[in-house]
Every structure is written in structure tokens, then in C-alpha cells.
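Heads up: the structure comes next, in C-alpha cells.
Side-chain atoms are counted along with the backbone in the values below, which use heavy atoms only and exclude waters and symmetry mates.
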Amino acid sequence: MNLVRTAMLLAFMTALFMFVGFLIGGRAGMMIAFVIAAGMNFFSYWNSDRMVLSAYRAQEVDERNAPEFFRIVRDLTRNAGLPMPKVYLYDSPQPNAFATGRNPENAAVAASTGLLRALSPEEVAGVMAHELAHIQNRDTLTMTITATLAGAISMLGNFAFFFGGNRENNSNPLGFIGVIVAMIVAPLAAMLVQMAISRTREYSADRRGAEICGNPLWLASALGKIARGAAHVPNEDAERNPATAHMFIINPLSGERMDNLFSTHPNTENRIAALQDMAQSGMNVSTPPVRAANPSRKSRSVPDTGLGRGGSQPPKGPWS
């Protein structure tokens, strides 16, 4: 079913891309847009994981340089019945995490150094289980390609006036009105599709992630800490790459709390409430994938991977 939804989404986004091309340049513009969309889809399919990981300068880790973190991901992967993904850490004081990759066989999960400092092992397990759920649901491919096409459509809309403004060579059958429509409607439509799909997938990944880690309250607790951290600690790499914001477990760009049409993520309180309801409904808690931790310990040390040096310790605040 997820493959069908992905195919339908790609068809819709490609059609929207072609429509913008038609508004700008008529049939010729539509065909050019189709060729561009096909090329972008192909490139995104094979290179989405490298693009995102490179943007955040993430480094791959293993049992030697991040034994506890790697073990958490490994045990969760077994619980989910998934192939072992590549495991990455990226240097950022903001607690957050994301997953990427075109399919479960070619996937990666990444956490920030700030996440390992701020969360307990159980909470880290809840977060990484959420990211593994995205991989299992094949959300990573869907959202990466959606973001790529949405960005391209927005770009066409921004340049519509310049491409369609030459009346002598303009083959746009709708004339200047079509250009105005492309400038206004196309970026908005692309953004709405991207946001709506992003919010829907988060609830599904929360539920599946709770099943994978065995305890919905681990993820619920983690979401609260991450949301407070994201509201107080900036992520400079995310600010430079806003198109990737929807890939994170919590929006890294702002402390947005409104569950509305323009938000990239659902309201955090709503997600926490859903997980708490799941726990209260009598969910069978499976064997914990991590060892019991000292409940009084509020932060974790960062593995010696060369990351997190030079004063990147997150500032203390009300979110910690």
C-alpha cells in the first residue's frame, strides 16, 4: 500500500510540475518540465541519503566508536525485522534525529550529538524506533522525492515571471495571467502537499515506533525533551537546508506548536497524548531493547567519534 501511495504522490507532483511548465511555456514548457521532473526523480531515488547526510556532515559510527548507540539501533532493528541500517552521528547541540534512504536495504539513521547528551538510553531507543518505523513504512523515499519536487516547483514559480514575461517569445496560451497563477499557486500547492504528507506520516511512525521499542512512554518522554530543546537551541545546518526539516522527528527550524495546515510536524502535545493513550490502552510491553538506565541520569556522553568537540555541549535550560 505504501508503494501505491508513493507512486500516486510522484504522479501528482510530476503532473503539478508539468502544469507549472505549461503555465510558463505552453506545451514546450510542459515537456521540458516533464524531462526535468523525471531526471530529478531518478537522481533523488539513488542519491537522497548521501545528499542529506552530506548536508549535515554526518559521520558513520559502529560498535567500536559508539558501542551503546550502535547496540540500541541494532537491537531495535532486530525487533522490527529490518536489515541493519547505517548508523550516523552529526554534530549539533540541538537534540534531534532523522532517517533517510530509498528502501530498507539502503537506509540510514542519524542522531545529533545533542540527542545523546539530553536523553536517556530508553528515550534514545524510542527516537530511533520512530526513525526505523519511517524506514519500514518507506516514508524516507516518499518525503525525499516530495521535497525535491516541491523545491523545484517553488523555484519554477519564483522564476515564472522571468520565463514568461517575454511576450514576443512566450508560447504560454494563458498569457500573463498564467504566469501570475504559476507564481502564486504552484509554490503554495507544492508546500501544502509536502506539509500534509509529512504530518500524516509522523503519527503512523510514532505508533509503529512504540511497537518496535516496546514502550510508548519512552518515545513520549523523548518527544517532549526534543521539542523543548529544538525551541531553545538552533540548528544552523537545518536553517541552511530548510527543505530537509520535515525529515526530522521534531521540526528543527522553529518551536512551532500549531497543528495547522502550514506546519511540517503535528503538534507535539498531540503526539505525546496519542502515545500515552496507547500505553494506557494495555499495549503489551515487549522485552526492553536496552539495559535499564539510572533514572536520575538526564544526559549521555557523546561517543569518541571526533564529533561534539570544541564546546558544542548544549546549554542548560528549562528543556533539559
Next item on the list: Evaluate side-chain contact (heavy atoms from CB on, under 4.5 Å) for Asn79 paired with Leu132, printing each intermediate quantity in order.
Entry: CA-CA 10 Å; Asn79 286 1; Leu132 290 173; over 6 Å; no
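- His134 places a side-chain heavy atom less than 4.5 Å from the side chain of Glu202.
- Note: Glu123 CD to Trp218 CH2 = 10.5 Å, rounded to the nearest 0.5 Å.
- Pairs passing the ring-ring contact (aromatic ring centres under 6.0 Å, His included) check and including a residue from residues 101-122, sequence neighbours excluded, do not occur.
- Side-chain contact check for Gln94 versus Pro252: some heavy-atom pair is nearer than 4.5 Å.
- The number of heavy-atom neighbours closer than 6.0 Å to CE of Met31, taken from other residues, nucleotides and ligands shown, is 12 or below.
- Residues Phe70 and Val61 come closest through the heavy atom pair CD1-O, 3.8 Å.
- Within the model, atoms CG of Asp62 and CZ of Arg74 stand 11.5 Å from one another, a figure rounded to the nearest 0.5 Å.
- In plain terms, the two heavy atoms of His265 and Ala245 that are nearest each other are CE1-O, 3.2 Å.
- Residues Pro121 and Glu68 meet the side-chain proximity criterion, which asks for heavy atoms closer than 4.5 Å.
- Residues Asp237 and Ser92 form no side-chain contact, since every pair of their non-hydrogen atoms from C-beta on lies 4.5 Å or further apart.
- Note: the hydrophobic cluster containing Ile272 also contains Leu115 (ILVMFWY, side chain heavy atoms under 4.5 Å, direct or indirect links).
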Check: Please walk me through it: do Glu239 and Leu253 pass side-chain contact (heavy atoms from CB on, under 4.5 Å)?
Finding: CA-CA 6 Å; Glu239 296 294 339; Leu253 299 179; 3.9 Å; yes
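- Here the closest non-hydrogen pair linking Glu211 and Met278 is CG-CE, 3.7 Å.
- Residues Asp91 and Arg57 form no side-chain contact, since every pair of their non-hydrogen atoms from C-beta on lies 4.5 Å or further apart.
- When all heavy atoms are compared, the tightest approach of Arg271 to Ile249 is NH1-O, 2.8 Å.
- Rounded to the nearest 0.5 Å, atoms CG (Asn106) and CG (Asp49) are 7.5 Å apart.
- Separation of atoms CG (Asn235) and CZ (Arg240) is listed at 8.5 Å; rounding is to 0.5 Å.
- Taking 4.5 Å as the limit, some side-chain heavy atom of Leu89 sits within range of a side-chain heavy atom of Leu116.
- At a threshold of 4.5 Å between side-chain heavy atoms, the hydrophobic network of Ile, Leu, Val, Met, Phe, Trp and Tyr places Met30 and Val35 in two separate groups.
- Residues meeting the ring-ring contact (aromatic ring centres under 6.0 Å, His included) test with Tyr56, sequence neighbours left out: Tyr90, Phe98, Phe248.
- Ser112 and Asn96 form no side-chain donor-acceptor contact under 3.5 Å, judged by distance and modelled atom types alone.
- Side-chain contact between Gln276 and Leu217 is present, with at least one heavy-atom pair separated by less than 4.5 Å.
- For the residue pair Ala80 and Gln136, the shortest heavy atom distance occurs at O-NE2, 2.9 Å.
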Check: Step by step, would you call Met84 with Val73 a side-chain contact (heavy atoms from CB on, under 4.5 Å)?
Finding: CA-CA 8 Å; Met84 182 65 186; Val73 176; 3.9 Å; yes
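- The distance from the CD1 atom of Ile72 to the CZ atom of Phe69 is 7.5 Å, given to the nearest 0.5 Å.
- A donor-acceptor pair under 3.5 Å is absent between the side-chain atoms of Asn241 and the main chain of Thr244, judged by distance alone.
- The two residues Gly209 and Ala133 come nearest to each other via the heavy atoms N-CB, 3.8 Å.
- With values rounded to the nearest 0.5 angstrom, Leu219 atom CG is found 10.5 Å from Ile212 atom CD1.
- For the pair Val52/Met247, a side-chain contact is recorded, criterion being any heavy-atom separation below 4.5 Å from C-beta on.
- Listed by chain and residue number, nothing satisfies the salt bridge (charged side-chain N to carboxylate O under 4.0 Å, His left out) test with Asp277 (two or more places apart in sequence, or in another chain).
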